[in-house]
Amino acid sequence: MGQTLPKPALRPFLPDDVPVLAAIFAASIEELTGDDYSEAQQEAWMAAAEDEEFGARLASDLTLIATLEGSPVGFASLRGTDHIRMLYVHPAVAGQGIATMLVDALEKLAGGRGAKDLTVDASDTAQGFFAKRGYTAKQRNTVTVKGEWLANTTMQKALGAPQ
């Protein structure tokens with residue numbers, strides 16, 4: 001018989017999580033976005049985890065941590081009631097349902113908070129993931145991060161709509 005894989009779990013963000021979440025953030029960008037962003041763009045993007053504001057952003061949002069056997073492997077944050085600000089999964093567990101579990105939870109929480117729609121500024125790498133979940137592209141964006149231009153797409157989903 002096959003080995004039983006550990007089941008992922010969710011828990012709320014704690015201030016002590018900042019260093020491990022910064023490491024997940026950087027590893028995710030470095031290892032998963034290379035087909036869509038240049039090395040200079042990735043380095044600028046990863047630098048966001050090095051400033052003091054990274055932990056403050058996580059604390060100001062509703063941030064959920066995905067764990068395997070108690071260790072964080074991904075996180076997602078909801079800003080206000082209707083905007084996914086961050087979704088990052090460690091590359092070692094990419095494609096194993098961690099991001100799906102996190103976004104399912106944020107969609108339920110947003111709906112419970114009265115949101116009719118949920119938006120996300122999806123990286124080029126994440127756009128396909130959100131499209132499969134029923135999010136539609138609304139506008140293309142370009143942001144400057146540490147002197148580098150990075151593109152993303154604002155996507156929106158009506159909550160309660162079929163996937």
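As the structure is a computational prediction, the values presented were derived from the model and not from experiment.
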As an exercise, state the distance from [atom1] of [X] to [atom2] of [Y], rounded to the nearest 0.5 Å.
| X | Y | atom1 | atom2 | result |
| --- | --- | --- | --- | --- |
| E107 | T100 | CD | OG1 | 9.5 Å |
| L106 | R85 | CG | CZ | 12.5 Å |
| M155 | Q139 | CE | CD | 12.5 Å |
| L10 | F75 | CG | CZ | 14.0 Å |

Assess, by modelled atom type and distance only, whether the side chains of T154 and N141 contain a donor and an acceptor separated by less than 3.5 Å. yes
Is there a donor-acceptor pair closer than 3.5 Å between any side-chain N or O of [X] and the backbone N or O of [Y]?
| X | Y | value |
| --- | --- | --- |
| Q156 | A137 | no |
| K157 | R133 | yes |
| T63 | L58 | yes |

So, for L21 and F13, which heavy atoms are closest and what is the spacing to 0.1 Å? CD1-CD1, 3.8 Å
Any link between L150 and F54 through a network of hydrophobic side chains (Ile, Leu, Val, Met, Phe, Trp, Tyr) touching at under 4.5 Å? yes
Member of I98, I84, L118 meeting the side-chain contact (heavy atoms from CB on, under 4.5 Å) criterion with V103: I84
Tell me whether the centres of the aromatic rings in Y135 and F129 are closer together than 6.0 Å.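 No - the distance between ring centres of Y135 and F129 does not fall below the 6.0 Å cut-off.
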Can you list the residues that meet the salt bridge (charged side-chain N to carboxylate O under 4.0 Å, His left out) rule with D36, with sequence neighbours excluded?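 Not a single residue meets the salt bridge (charged side-chain N to carboxylate O under 4.0 Å, His left out) criterion with D36.
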